Engineer: 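I have a structure I would like to understand better, so I am pasting it below and will then ask my questions one at a time.
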Amino acid sequence: MTENLEQLAAELSRVDEAIAVAPLYAEPGNPLSGFSDELVELVLREEEVVDLLAQSARDRITGE
């Protein structure tokens, strides 16, 4: 695995660990309050990292 892929994989692991302990709701125990900002930001970051991993893997396969 290239260094970039290793860094992205490590970032994905960190984000996933943070998601596991992030508060689910904006107001704890109140599902009507919506998801917490922290959780939303972490999920967005997770999607970004997955996209970067996929692009890096495609680039590696195509030789770019």
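Computed from a predicted model, the values in this text were never measured in an experiment. FYI, side chains are in, hydrogens and waters are out, and symmetry mates aren't considered; it's all heavy atoms of this structure.
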Engineer: For N4, is the CG atom crowded, meaning more than 12 foreign heavy atoms sit under 6.0 Å from it?
Structural biologist: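 Yes.
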Engineer: Donor-acceptor check, side chain of S36 to backbone of A26, threshold 3.5 angstrom: yes or no?
Structural biologist: no
Engineer: Would you mind reporting whether Y25 and N30 have side-chain heavy atoms less than 4.5 Å apart?
Structural biologist: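 No - every pair of side-chain heavy atoms lies 4.5 Å or more apart.
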Engineer: Say you draw a straight line from CG of L53 to CD of Q7; how long is it, rounded to the nearest 0.5 Å?
Structural biologist: 11.0 Å
Engineer: Go through the side-chain N and O atoms of D51 and Q55 and say whether any donor and acceptor fall under 3.5 Å apart.
Structural biologist: no
Engineer: What is the distance from atom CG of D16 to atom CD of E46, rounded to the nearest 0.5 Å?
Structural biologist: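 Atom-to-atom, D16:CG and E46:CD are 4.5 Å apart.
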Engineer: For R45, check salt bridge (charged side-chain N to carboxylate O under 4.0 Å, His left out) against everything at least two apart and list the hits.
Structural biologist: E11, E48
Engineer: Please report the interatomic distance OG(S56) to CD(E6), rounded to the nearest 0.5 Å.
Structural biologist: 12.0 Å
Engineer: Hydrophobic cluster membership, with links at side-chain heavy-atom distances under 4.5 Å among I/L/V/M/F/W/Y: are L12 and L42 in one?
Structural biologist: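 Per the 4.5 Å side-chain linkage, L12 and L42 are not co-clustered.
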Engineer: May I ask whether V15 and L24 are part of the same hydrophobic cluster, defined by side-chain heavy atoms of I, L, V, M, F, W, Y residues being less than 4.5 angstrom apart, directly or through others?
Structural biologist: yes
Engineer: Any side-chain heavy-atom pair from L39 and P23 closer than 4.5 angstrom?
Structural biologist: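 L39 does not reach P23 side chain to side chain.
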Engineer: Identify the residue among L44, V49, V50 that makes a side-chain contact (heavy atoms from CB on, under 4.5 Å) with E47.
Structural biologist: L44
